[in-house]
Amino acid sequence: MDGKRRTDRAMRVEDFRGEAAEVIARHAELDPEAVDRMLTMPPKPDMGDFAFPCFTLAKKLRKAPPVIAKEIAEKASADLDLLCGAQAAGGYVNLSVDRTRFADAVLREAASAGEAYGTCADGTGQTIAIDYSSPNIAKPFHVGHLRSTIIGGALVRIFEALGYEVVGINHVGDWGTQFGRQIVGLKRFGKPEDADDLMSLNRLYVQFHEAAESDRELVEEAREWFRRQEAGDQVALALWRRIRDTSLDYFKRIYDRLGVRFDSYTGESFFNDKMDVVIEEVRAKGLAEVSDGALIIDLSEEGIDTPALLEKADGTTLYLTRDVAAARYRHDTYGCDRIVYVVASGQSLHFKQLFTVLKRLGHPWAKDCVHVNFGLVQGMSTRKGNVIYLEELLDEARERALAYMQGEIEKRLELEDEETVAEAVGIAAIFFADLSKQRIKDYRFDWDLAISFDGDTGPYLMSAHARIAGILRNCGLDPDPDADVSPLVEPEAHRLVSLVARYPGVLREAGRLYEPSVLANYLLELARGLHASYTVLRVKGEETGKAQARLLLFTAVKQVLRSGLTILGIRPLERM
RNA sequence: GCGCCCGUAGCUCAAUUGGAUAGAGCGCCAGACUACGGAUCUGGAGGUUGGGGGUUCGACUCCCUCCGGGCGCGCCA
């Protein structure tokens, strides 16, 4: 066996799986790539690191799967290098890695990549535009917009980690009759300087709606203001611009608090002068027909019963028209290979129509438009009432985090800034409650479940990170990046090494499925693996070789937690 | 009425996309510490995966059907 040992070069983590696939392929007479696709993981770690199911071979070989597994396992056993065992178990061949060499490869790779561990270059040269958050301004930022912001922000960072150029777009709703209402509210009930303060604007907006209940004239007046806006009236536009700026400033402060950034705020108003082209083109290509006075495209051939409505009977355009213009603009401006829309499931039909219309218009990139949909959130209310605004929600999260920290935690740590920690914990609670579930599902938000430091929560993950930080800080050793890993013999250590090794694949999977929960659930597993091991794998007081090996492992775990939490939008603190 | 989506432990969610005995957390019960952060860990109880058919060596996963829930269905966005 010595002749084919790969000690002449550094082993890479993929080499272990590669060898598993090759060995099986050789003895099962299959293509290594096909075998690689079939490899899974055994249900329990002590059964091995890779599993090959023999069931599909049964028909071909006319033998029972357990017999085949036994034959392959026997032949493979004599033919291993990086792997150190092949056992048949039922219809499976289970393969185990040489744990020392595996730990060496994994931890060496994590150490040399540092903060970049887990990232890859899959997306090099490709651009993805992600449309997310996209609230209606001149209305308060309702929690309904929160989910898009949280999921979209996570997807931006996931795709950046995968090497893509990402353009974050906030398609703000900054045009529409709500501005007319806002202007009337301001004119009738407010002072001119109220236009510069969002709280005043909110108050006036509510006041408008209350008054409009009994006075229909107000509604007509609002329509008139919006008509003037659309007609290019300078007075109306100046008011609109002022209200818009006030709102956008406020939104940007909230985004700052949430840690999300946008590359573009080109919203609805931006496309006002870009929709005539769309209508003309649709007409010129003979795609459209007039129905009840409106311009529609029949999509029944594509199995969509509801036609796409592009122009109302009164000649004005619609949501869909604007999205067609926006998609073309984005494609032309950013040269993006993909446009991702992070919008609630309720708009599935709209996006089906949009993508089909783009296809009909002859855009080959229509097939690369994706609606990343998500379900409803229930129960996200504050103590003050049902209709909550995002800022109130964040404040309440911070208060609850602070109360939890002061009430439940017996051993207090000296923190320079408790408020900062509470703010980070509150946001972690809200973000993680959202990101740990498959996005398509509706879910019920529960303060007590989310804010707790025990269980599957954001704060729990933060505490795992802070705990490792504590170990590294207090162990009294300078980490040695070249430490020998052979003392890492415990099953707990191997479990952690395997988890660290999985991280790059987890990011890829999260990106492939547009599913941050893949990452969130993996991080929980990692944190649990850490907590289950840290009494066994002590660093302080151990002899140097063992201590350094464990330190190397913990450093890698900390890096992964840090990276993963940051991608989810949670701040990994050193102390909390 | 039609279309799309969701039903997994008391509760909140997983299950490597068709693989092994369906796993975690919360809650409940029983244990473990002078602790590199107990904000923890180790056990236990708890399941006809909404019901019924089908496909397959194998189904929580795919197909059909029924039940329950959510969302949507041309001049809002």
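All values reported here derive from a predicted model rather than from experimental measurement. Below, chains carry the letters A, B, ... as their sequence lines are ordered, and counting in each starts from 1.
A straight line from CZ of A:R439 to P of B:rA14 spans 12 Å, rounded to a whole angstrom. Between A:D456 atom CG and B:rG27 atom P the separation is 12 Å, expressed in whole Å. One interatomic measurement links the two molecules: CD of A:Q438 to P of B:rU61, which rounds to 15 Å at whole-angstrom precision. Rounding to whole angstrom units, CZ of residue A:F432 and P of B:rU12 are separated by 17 Å. The CZ-P distance, from A:R473 to B:rC36, rounds to 13 Å in whole Å. At whole-Å resolution of the value, CZ in A:F55 and P in B:rG58 are 11 Å apart.
Across all strands shown, A:K59 has heavy atoms under 4.0 Å from sugar-phosphate atoms exclusively, and none from any base. Among the heavy atoms of the strands, none lies under 4.0 Å from A:D323. A:M462 comes within 4.0 angstrom of nothing in the nucleic acid, heavy atoms only. In this structure, A:I468 reaches neither bases nor backbone, as no heavy-atom distance under 4.0 Å exists between it and the strands shown. Here A:P42 lies in heavy-atom contact (under 4.0 Å) with a base. Nucleic acid contact class of A:A89 (heavy atoms, under 4.0 Å, all strands): base. Here A:L449 lies in heavy-atom contact (under 4.0 Å) with sugar-phosphate atoms only. At a threshold of 4.0 angstrom between heavy atoms, the contacts of A:A64 with the nucleic acid are absent.
Evaluated for a side-chain contact (heavy atoms from CB on, under 4.5 Å) with A:Y341, the options A:V370, A:L354, A:I169 yield exactly one hit, A:L354.
Between A:F453 and A:Y404, the ring planes are parallel. Angles under 30° get that label, and only those over 60° would be called perpendicular.
For the salt bridge (Lys or Arg N to Asp or Glu O under 4.0 Å) condition, no pair includes a residue of residues 529-539 of chain A, sequence neighbours left out. The list of ring-ring contact (aromatic ring centres under 6.0 Å, His included) pairs with a residue in residues 295-321 of chain A, not counting sequence neighbours, reads A:Y319-A:H350. Sorted by first and then second residue, the salt bridge (Lys or Arg N to Asp or Glu O under 4.0 Å) pairs with a member in residues 307-320 of chain A read A:R283-A:E311; sequence neighbours excluded. Residue pairs meeting the side-chain hydrogen bond (donor to acceptor under 3.5 Å, both in side chains) criterion with at least one partner in residues 509-525 of chain A, sequence neighbours excluded, are A:R338-A:Y514, A:R502-A:E525, A:E509-A:R512, A:E515-A:S517.
Among the nucleotides B:rG37, B:rA20, B:rC36, the one closest to any side-chain atom of A:R538 is B:rC36. For A:K540, counting side-chain heavy atoms from C-beta on, the closest listed nucleotide (B:rU21, B:rC36, B:rA20) is B:rC36.
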Given the rule that a pair is Watson-Crick or G-U wobble with both distances under 3.5 Å, how would you write RNA chain B in dot-bracket, using | for pairs to a different strand? (((((((..((((.....[...)))).(((((.......))))).....(((((..]....))))))))))))....
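Each of A:R444 and A:C475 lies near RNA chain B, and the nucleotide nearest A:R444 is the one positioned closer to the 5' end. When each of A:A51 and A:K352 is assigned the nucleotide of RNA chain B bearing its nearest heavy atom, the one mapping closer to the 5' terminus is A:K352.
Under 4.0 Å is where a charged nitrogen must lie from a carboxylate oxygen, and between A:E574 and A:R562 at least one such pair does. At a threshold of 4.0 Å, the pair A:R223-A:E220 counts as salt-bridged, since one of the basic side-chain nitrogens sits closer than that to a carboxylate oxygen.
Residue A:D174 comes nearest to A:W240 through the heavy atom pair O-NE1, 2.8 Å, listed as atom of the first residue, atom of the second, then distance. Nearest heavy atom pair, residue A:L530 against residue A:A464, reads CD2-O, 3.7 Å.
Between B:rG47 and B:rA22, the two P atoms lie 13 Å apart (nearest whole Å). With both ends at atom C1', the span from B:rG70 to B:rG74 equals 23 Å, rounded to whole Å. Taking atom C1' on both B:rA59 and B:rA39, the two are 41 Å apart, rounded to the nearest angstrom. The separation of B:rA14 from B:rG25, taken at their C1' atoms, amounts to 10 Å, rounded to a whole angstrom. Atom P of B:rA15 sits at a distance of 15 Å from the matching atom of B:rG50, rounded to the whole Å. Here the separation of B:rU16 from B:rG10, taken at their P atoms, is 22 Å to the nearest Å. Using P as the reference atom, B:rA45 and B:rC29 are 16 Å apart when rounded to the nearest Å. The same atom, C1', is picked in B:rC63 and in B:rU56; the two are 12 Å apart, to the nearest Å.
Regarding contacts with the backbone of B:rC5, every side-chain N or O of A:N373 stays at 4.0 angstrom or more from both OP1 and OP2. When the side-chain nitrogen and oxygen atoms of A:K437 are compared with OP1 and OP2 of B:rU12, none of them lie within a distance under 4.0 Å. Put simply, A:K441 has a side-chain N or O that comes within less than 4.0 Å of OP1 or OP2 on B:rG7.
Among residues two or more places apart in sequence or in another chain, the ring-ring contact (aromatic ring centres under 6.0 Å, His included) test is passed with A:F431 by none. Residues passing the side chain to side chain contact (heavy atoms under 4.5 Å, CB included) test with A:D305: none are found, sequence neighbours excluded.
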Report all side-chain donor-acceptor pairs from residues 540-549 of chain A shorter than 3.5 Å, counting only partners two or more places apart or in another chain.
unit_1 : atom_1 : unit_2 : atom_2 : d
A:E543 : OE1    : A:G545 : N      : 3.0
A:Q548 : OE1    : A:D480 : N      : 2.9
A:Q548 : NE2    : A:D478 : O      : 2.8

Donor-acceptor pairs under 3.5 Å, side chain of residues 48-69 of chain A to any protein atom, not counting sequence neighbours: which ones?
unit_1 : atom_1 : unit_2 : atom_2 : d
A:D49  : OD1    : A:H494 : NE2    : 2.8
A:D49  : OD2    : A:V97  : N      : 2.9
A:K63  : NZ     : A:E71  : OE1    : 3.2
A:K63  : NZ     : A:E71  : OE2    : 3.4

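Contact annotation: the side chain of A:I304 approaches that of A:L349 to within less than 4.5 Å [non-hydrogen atoms, C-beta and beyond].
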Check the interface with nucleotides 40-43 of chain B: list each N/O to N/O pair with the protein under 3.5 Å, or write none.
unit_1 : atom_1 : unit_2 : atom_2 : d
B:rU40 : OP1    : A:D454 : OD1    : 2.7
B:rU40 : OP2    : A:D454 : OD1    : 2.3
B:rC41 : OP1    : A:Y460 : OH     : 3.4

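Of the residues in residues 512-526 of chain A, those placing a heavy atom less than 4.0 Å from an atom of RNA chain B are A:R512, A:L513, in numerical order.
Stacking of A:K558 on the aromatic ring of A:F554 is not recorded, the 6.0 Å distance cut-off and the 45° axial limit not both being met. Note that A:R244 lies outside the cation-pi zone of A:F179, set by a 6.0 Å cut-off to the ring centre and a 45° limit from the axis.
Taking syn as a glycosidic angle within 90° of 0, B:rU17 qualifies as syn. Regarding the sugar-base torsion, B:rG74 falls in the syn class, its angle being within 90° of 0.
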Sugar-phosphate means primed atoms, P, OP1 and OP2; the rest is base. With that split, encode nucleotides 71-77 of chain B 5' to 3' as B, S or - using protein heavy atoms under 4.0 Å. SSSBBSB
